[in-house]
Novice: 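Below you will find the structure I want to go over with you.
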Amino acid sequence: MRFQRYLTGVAIAALLAGTAVAQTPPQEPAAAGTLNPAAGQVPPAAPPATPQFQMADGVLATVNDSVITGFDLRQRMLLLIAMTQVQPTPENIPAIQQEALNALIDERLQIQELANYETLTVSDEEVDQEVAAMAQEVGVTGEAYLSFLEAGGIRPQTLRNQLRTQIGWQRLVGGRFQTRARVSQGAIDAAMRQMSEAASKKQYLIGEIYIEAARVGGQQAAINGATQLVQQMVQGAPFQNVAQQFSAAPSAARGGDAGWIVAGTVNPTLQAAMDQLEIGQLSRPIPVEGGVYIIYMRDKRDGAAASLVQLKQVMIELPETASEAEVAAATQRLQALQPQLTCDTMLQRATSEQGLLGADLGEADVQNLAPQFQQVARSAAVGSVSTPIRTPLGLHLVGVCGRRVGGAEAPDERVVENQLFRQNLATLARRYMRDLREDALIEFKQ
C-alpha cells in the first residue's frame, strides 16, 4: 500500500494546487514531449468542476451475483480522474470508462474471494488509518482530504471501499503466495551474474505504461487510448499516477518503474524508441504485438566503469621466436584438452601433466588485462574455458570463473532478492486474478 498511497497523495496534491506544467515538444520523432508532472501541495481555493458523464444509472454488468451500476461506474471514473489528473475529453472518456469498468470487475471478484476467508476482515479503523496517511502526505487532515473528493462529486465511501478491498487483497495474496514467491539462492546468483555480465552494456532507466489490447477492446482502441494518455501527460498529468491506474505491466504497482533495462534485451521496436529518447522525454505510443507501450526515459548510462572478472589459466610456454610447427603442436594439445576443463579442474590438471603451467589469476578489472584476454573476459560465459589464446609468453586456455560489477554499480544481494520476490508475488497475483476472471460469470447489460 505504501507506494500506491504516495502516488495517490501526489495526484490529489497537484489537484489541490490546481497547477499543470506546460511541455516543450522535442525534435526527436519518437518523443511526444518532455515530462514534468505537476505535484504542488497547496490547498485549493475551490474544488475542480465535476465532469459530466452520460450514462444510465441502472445495472451495467453483473459479476457472478454482484451488480455494477451506472452510479458505481461514474464514481470510479471520477476517482480515476482525481488520482491521475487525466482531464476528461470526448476522445479519452471511452478509455477512462473501460479502465474504470475493468477495475470494478476485478474489485468485485476480489471482494467475493475475500469473503471466503473470515480472518481477512479489514476494520473501519484500518481504513481510517490509510486515509489519514494519504492525507498527511499532502499536508491536510483526513476530513479535508475526503471533503475535497466529495466537492468533486466523489463520495468518500467510494475511496473507502476501494481501500478496504486493496488492503484485504494484498493480505490474501501475501499470505497465500509468500512461500511460493520466495527466491532460491540459485535464482539470486543467476540474477546477479546476469546483472554483472550486462554491466558494460548501455542501459536505460525507464518508466513504462503498457496498454493491453485484449483488456481495452482491441489494438486500435489501445493505440487511441495510449495517444490520449500521452497528450494528458505532456500537459501535466503525472506519469506515475497514470501508470498505476492504466498500465497492465507488472510495474504498474510501482508507478511504472521498470528499473534499468539493458540494451538488446527488449523488443527491437522498444529498443529503437529508447535509443532516440533523451532523458526526461516521453515517447509516442509504441505498438507491439498484443498492445501498446509508452516509455518515459528517466536516465541513461553507458555501463559500469569497472567490470571485474575472476580468471584461471592453463598455458604452454612458447617464446615469440617459436616455429610454426611448435605453435601448431601446442595449439592442437590445448584444443584437445579444452573440452575437459572447468574452473574447478584447471589447476589440478595443469599440475598433473608435464609441459603445462596453471595459475589462478585472481580478480581483475577487464580494462587492466592483456589485450588478448579482454574479449574473452568481457563476453565469455561464466564457467567457460576459452580456445587457445596466443601471447608473447605462450598459448593460454583462460577460464572465466566469475564476473561482477565494480564500484557503486555493484548489485546488492538483498536488493536483488527483494526485487525477485516482488516480481514473483506480482506474477502469482496476476495469475490468481486471471483464474478468478476465467471462472466467473460476467455479463454486460445493453
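One is the number of the first residue; the rest follow in order along the sequence. Both backbone and side-chain heavy atoms feed into the values below; hydrogens, waters and symmetry mates do not.
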Novice: Which side-chain N or O atoms in residues 149-158 pair as donor and acceptor under 3.5 Å with protein atoms at least two apart or in another chain?
Specialist:
residue, atom, partner, partner atom, Å
Gln157, NE2, Asn161, OD1, 2.8
Thr158, OG1, Gln75, OE1, 2.7
Thr158, OG1, Arg155, O, 3.4

Novice: What's the spacing between Ile206 CD1 and Ile295 CD1 if we round to 0.5 Å?
Specialist: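 Here the rounded value is 4.0 Å.
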Novice: Supply the atom-to-atom distance Glu278 CD to Leu282 CG, rounded to the nearest 0.5 angstrom.
Specialist: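 Here the interatomic distance stands at 14.0 Å.
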Novice: Please assess Met77 against Gln97 for the test side-chain contact (heavy atoms from CB on, under 4.5 Å), listing each intermediate value before the final yes or no.
Specialist: CA-CA 6 Å; Met77 291 172 70; Gln97 180 173 325; 3.8 Å; yes
Novice: Carefully, step by step, assess Asn267 and Gln271 under the rule side-chain hydrogen bond (donor to acceptor under 3.5 Å, both in side chains).
Specialist: CA-CA 6 Å; Asn267 181 302; Gln271 180 69 59; over 6 Å; no
Novice: Considering all heavy atoms of both residues, which atom of Tyr145 and which atom of Met134 are nearest to each other, and what is their separation?
Specialist: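 Result for this residue pair: OH-CE, 3.2 Å.
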Novice: For Gln220 and Asn224: C-alpha separation, side-chain torsions, deciding distance, then whether side-chain contact (heavy atoms from CB on, under 4.5 Å) applies.
Specialist: CA-CA 6 Å; Gln220 190 58 52; Asn224 294 342; 3.0 Å; yes
Novice: Report, as yes or no, whether the 6.0 Å neighbourhood of atom CD on Glu289 holds more than 12 heavy atoms from other residues, nucleotides or ligands.
Specialist: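 Not more than 12 within 6.0 Å, no.
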Novice: Where do Asn64 and Gln112 land on the side-chain hydrogen bond (donor to acceptor under 3.5 Å, both in side chains) test, with the steps shown first?
Specialist: CA-CA 9 Å; Asn64 295 323; Gln112 293 167 14; 2.7 Å; yes
Novice: Do the side chain of Thr265 and the main chain of Val262 share a donor and acceptor less than 3.5 angstrom apart?
Specialist: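 Between the backbone of Val262 and the side chain of Thr265 there is a qualifying donor-acceptor contact (under 3.5 Å).
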Novice: Would you say the side chain of Arg414 lies within less than 4.5 Å of the side chain of Glu417, judging by non-hydrogen atoms?
Specialist: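 Result yes, sub-4.5 Å side-chain heavy-atom pair found.
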Novice: Please give me the minimum heavy-atom distance between Val216 and Gln98, naming the atom from each residue.
Specialist: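 Heavy atoms of Val216 and Gln98 come nearest at CA-CG, 3.9 Å.
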Novice: Start with the C-alpha distance between Phe444 and Leu60, add both sets of side-chain angles, then the distance that settles side-chain contact (heavy atoms from CB on, under 4.5 Å), and finish with yes or no.
Specialist: CA-CA 6 Å; Phe444 300 96; Leu60 298 181; over 6 Å; no
Novice: Can you tell me how far the NE2 atom of His396 sits from the CD atom of Gln372, to the nearest 0.5 Å?
Specialist: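 Answer for the NE2-CD pair, His396 versus Gln372, is 7.5 Å.
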Novice: Give a yes or no on this: more than 12 heavy atoms of other residues, nucleotides or ligands lie within 6.0 Å of atom CD of Gln374.
Specialist: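 Enclosed: over 12 neighbouring heavy atoms sit under 6.0 Å from CD of Gln374.
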Novice: With rounding to the nearest 0.5 Å, note down the distance linking CD in Glu113 to CG in Asp435.
Specialist: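 Reported to 0.5 Å precision, the distance equals 10.0 Å.
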Novice: Examine distances only and state if a side-chain atom of Ser66 and a backbone atom of Val63 form a donor-acceptor pair shorter than 3.5 Å.
Specialist: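 It does not hold such a pair.
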Novice: Looking only at heavy atoms, which two atoms of Leu425 and Gln178 are closest? And how far apart?
Specialist: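 Shortest heavy-atom contact: CD1-N, 4.5 Å.
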Novice: Are the side chains of Asn92 and Val86 in contact, using a 4.5 Å heavy-atom criterion?
Specialist: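 Yes, at least one pair of side-chain atoms sits under 4.5 Å.
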Novice: If we ignore hydrogens and angles and just use 3.5 Å, is the side chain of Lys312 paired with the main-chain N or O of Cys343 as donor and acceptor?
Specialist: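 Yes; at least one donor-acceptor contact below 3.5 Å.
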Novice: Is there a side-chain hydrogen bond (donor to acceptor under 3.5 Å, both in side chains) between Thr227 and Gln231? Walk through the geometry before answering.
Specialist: CA-CA 6 Å; Thr227 300; Gln231 292 176 359; over 6 Å; no
Novice: Quick check: do Tyr210 and Val292 have side-chain heavy atoms less than 4.5 Å from each other?
Specialist: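 No; the side chains remain at least 4.5 Å from each other.
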Novice: Which atom pair, heavy atoms only, marks the closest approach of Ala243 to Ala252?
Specialist: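 Nearest heavy atoms, Ala243 then Ala252: O-CB, 3.6 Å.
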Novice: For the CZ atom of Phe246 and the CG atom of Asn241, what is their distance to the nearest 0.5 Å?
Specialist: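 Phe246 CZ to Asn241 CG: 11.0 Å, rounded to 0.5 Å.
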Novice: Indicate the ring-plane relationship of Tyr432 and Phe177, choosing parallel, tilted or perpendicular according to the 30° and 60° boundaries.
Specialist: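 Tyr432 and Phe177: perpendicular rings.
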Novice: Taking Glu126 first and then Arg164, would you say they form a salt bridge - that is, a charged N and a carboxylate O separated by under 4.0 Å?
Specialist: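 Looking at Arg164 together with Glu126, the answer is no, because their closest N to O distance does not fall below 4.0 Å.
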Novice: Can any side-chain N or O of Gln162 pair as donor or acceptor with the backbone N or O of Leu159 at less than 3.5 Å?
Specialist: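 Absent.
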Novice: Any heavy-atom pair between the side chains of Arg437 and Asp106 that's under 4.5 Å?
Specialist: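 They are in side-chain contact.
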Novice: NZ of Lys300 to CH2 of Trp260: how many Å apart, nearest 0.5 Å?
Specialist: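 It comes to 10.5 Å.
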Novice: Does this structure show an ion pair linking Lys202 with Asp275, if we count only N-O contacts that are shorter than 4.0 Å?
Specialist: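 Judged by the 4.0 Å cut-off on N to carboxylate O distance, Lys202 and Asp275 do not form a salt bridge.
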Novice: Is there a side-chain hydrogen bond (donor to acceptor under 3.5 Å, both in side chains) between Glu208 and Ser251 once you walk through the steps?
Specialist: CA-CA 7 Å; Glu208 63 176 357; Ser251 60; 2.7 Å; yes
Novice: On the ring face of Phe421, is Arg182 found with NZ or CZ under 6.0 Å from the centre and within 45° of the axis?
Specialist: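 No, cation not above the ring by the 6.0 Å, 45° rule.
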Novice: Could you walk me through whether Gln228 and Met233 satisfy the side-chain contact (heavy atoms from CB on, under 4.5 Å) test, starting with their C-alpha distance in whole Å, then the side-chain angles of each, then the deciding distance to 0.1 Å, before giving a yes or no?
Specialist: CA-CA 9 Å; Gln228 292 298 317; Met233 287 186 288; over 6 Å; no
Novice: Quick one: does any side-chain atom of Asn424 pair with a main-chain N or O of Ala181 as donor and acceptor, under 3.5 Å?
Specialist: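 Yes; judged by distance alone, with no hydrogens or angles, the pair exists.
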Novice: Heavy atoms, side chains only, cut-off 4.5 Å: are Tyr204 and Leu277 in contact?
Specialist: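 No - every pair of side-chain heavy atoms lies 4.5 Å or more apart.
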Novice: Assess whether a salt bridge exists between Arg403 and Asp189, defined as any Lys/Arg side-chain N lying under 4.0 Å from an Asp/Glu carboxylate O.
Specialist: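 Looking at Asp189 together with Arg403, the answer is no, because their closest N to O distance does not fall below 4.0 Å.
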Novice: Going by the rule salt bridge (Lys or Arg N to Asp or Glu O under 4.0 Å), which residues pair with Asp128 if we only count those two or more places apart in sequence or in a different chain?
Specialist: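 Scan of Asp128 (salt bridge (Lys or Arg N to Asp or Glu O under 4.0 Å), adjacent residues dropped) gives Arg160.
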Novice: Under the 3.5 angstrom rule, does the side chain of Ser386 hit a backbone N or O of Val398 as a donor-acceptor pair?
Specialist: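 Checked: pair present.
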Novice: So, for Pro90 and Pro94, which heavy atoms are closest and what is the spacing to 0.1 Å?
Specialist: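 It is O-CD, 3.6 Å.
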Novice: Is the closest side-chain heavy-atom distance between Gln219 and Pro287 below 4.5 Å?
Specialist: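 A side-chain contact exists here, since the closest heavy-atom pair is under 4.5 Å.
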Novice: May I ask you to test the Ile209-Tyr296 pair for a side-chain heavy-atom distance under 4.5 Å?
Specialist: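 Contact flag for Ile209/Tyr296 side chains = no.
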Novice: Do Gln110 side-chain atoms and Gln166 backbone N/O form a donor-acceptor pair below 3.5 Å?
Specialist: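 Between the backbone of Gln166 and the side chain of Gln110 there is no qualifying donor-acceptor contact (under 3.5 Å).
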Novice: Taking the basic N atoms (NZ, or NE/NH1/NH2) and the acidic carboxylate oxygens, is any pair closer than 4.0 Å for Asp72 and Arg108?
Specialist: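 Here Asp72 pairs with Arg108 in a salt bridge, since their nearest N and O are under 4.0 Å apart.
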Novice: Of all the heavy-atom pairs spanning Val230 and Ser283, show the shortest one and how long it is.
Specialist: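 Minimum heavy-atom separation between Val230 and Ser283: CG2-O, 3.7 Å.
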Novice: So, does Asn102 use its side chain to make a donor-acceptor pair with the main chain of Arg215 at under 3.5 Å?
Specialist: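 It does hold such a pair.
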Novice: Check whether more than 12 heavy atoms from other residues, nucleotides or ligands sit under 6.0 Å from atom CD of Glu118, and answer yes or no.
Specialist: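 Count not over threshold, so no.
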Novice: Compare all side-chain heavy atoms of Thr62 with those of Ile68 and state whether any distance is below 4.5 angstrom.
Specialist: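 They are not in side-chain contact.
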